[in-house]
Amino acid sequence: MTEREEYDAWVACRFSDLDLPEWFLAVGFEFWRHGRLSLIEAAGAPVEIRVVRVDR
């Protein structure tokens, strides 16, 4: 799964009831992607980021 596919799945899971414009999703992806990269860089080592889903 590519980063974009993972992001799209994340958005679909959490915001499926909203009609978000494509430009908004594209900007959101850039923030999401760079946020993940900064966490990896701050760790100082290659890491895998996993999210534990908690039902609301």
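Since the structure is predicted, the reported quantities are computational estimates derived from the model, not experimental observations.
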Gap separating the CZ atom of Arg36 from the CD atom of Glu41, nearest 0.5 angstrom: 15.0 Å

For Phe24, side chain to side chain contact (heavy atoms under 4.5 Å, CB included) partners two or more places apart: Leu20, Pro21

Residues that Ser16 engages under side chain to side chain contact (heavy atoms under 4.5 Å, CB included), provided they are two or more places apart: none

Contacts of type salt bridge (charged side-chain N to carboxylate O under 4.0 Å, His left out), residue Glu30, not counting sequence neighbours: none

Those residues that, when tested against Arg33, pass side chain to side chain donor-acceptor pair (under 3.5 Å) (two or more places apart): Glu3

Side-chain touch Leu39/His34, heavy atoms, less than 4.5 angstrom: no

Flag if over 12 foreign heavy atoms under 6.0 Å of CG, Asp17: yes

Nearest heavy-atom neighbours spanning Met1 and Glu6: SD-CA, 3.5 Å

Ring pair (Phe, Tyr, Trp, His ring centres under 6.0 Å) involving Tyr7 - partner list, sequence neighbours excluded: Phe29, Trp32

